[in-house]
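Notes follow the structure.
Note that this is a predicted model, so its numbers are computed, not measured.
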Amino acid sequence: VDEDKAASLGLKEPRGALVNEVTPGGPAASSALKAGDVILSVNGAAIESSRDLARKIADLAPNTNVTLEV
């Protein structure tokens, strides 16, 4: 999330990963996550960018439940 997007979303700082879409049948489909949300942390670990989110998720075992701050 860049500075302009953060400001338009009311975020205090430009960080996090913007959700573009939730794939039907995918891991997030059964959650309340929706397009336009910004993921700020995974299991309490801050997310700085979409790359950061991808690394954190890749480190988890399949079918692991996570807590997101959105």
Side-chain angles (χ1 to χ4, degrees):
V1 174
D2 63 20
E3 289 184 23
D4 290 336
K5 190 65 170 177
S8 72
L9 294 170
L11 298 174
K12 294 178 185 176
E13 56 186 313
R15 69 176 189 91
L18 181 65
V19 177
N20 290 318
E21 74 175 296
V22 177
T23 305
S30 62
S31 72
L33 202 60
K34 61 187 180 306
D37 285 343
V38 177
I39 298 173
L40 299 172
S41 72
V42 175
N43 291 338
I47 299 298
E48 298 301 322
S49 67
S50 57
R51 281 185 153 172
D52 191 26
L53 174 63
R55 284 192 293 269
K56 295 238 186 327
I57 296 300
D59 286 343
L60 299 170
N63 298 314
T64 299
N65 290 324
V66 297
T67 301
L68 301 177
E69 177 187 359
V70 180

Q: Check whether any side-chain heavy atom of V70 lies under 4.5 Å from a side-chain heavy atom of V38, and answer yes or no.
A: no
Q) Which residue pairs pass the side-chain hydrogen bond (donor to acceptor under 3.5 Å, both in side chains) test when at least one of the two sits in residues 59-70, sequence neighbours left out? A) S41-E69
For residues [X] and [Y], report the shortest heavy-atom separation together with the two atoms involved.
X: V1; Y: A6; answer: CG1-N, 3.5 Å
X: A46; Y: R15; answer: CB-NH1, 3.9 Å
X: G16; Y: L40; answer: CA-CD2, 4.2 Å
X: S50; Y: A17; answer: CA-CB, 3.7 Å

Q. Can you get from V22 to L9 by hopping between Ile, Leu, Val, Met, Phe, Trp and Tyr side chains that sit under 4.5 Å apart?
A. no
Q) If Ile, Leu, Val, Met, Phe, Trp and Tyr residues are connected whenever their side-chain heavy atoms lie under 4.5 Å apart, and connections chain through other members, are L33 and L18 in the same group? A) no
Q: Determine, step by step, whether L68 and I47 satisfy the side-chain contact (heavy atoms from CB on, under 4.5 Å) criterion, reporting the C-alpha distance in whole Å, the side-chain angles of both residues, the deciding distance to 0.1 Å, and the verdict.
A: CA-CA 10 Å; L68 301 177; I47 299 298; over 6 Å; no
Q.
Does this structure show an ion pair linking K34 with D37, if we count only N-O contacts that are shorter than 4.0 Å?
A. yes
Q: With rounding to the nearest 0.5 Å, note down the distance linking CD in E48 to NZ in K56.
A: 8.0 Å
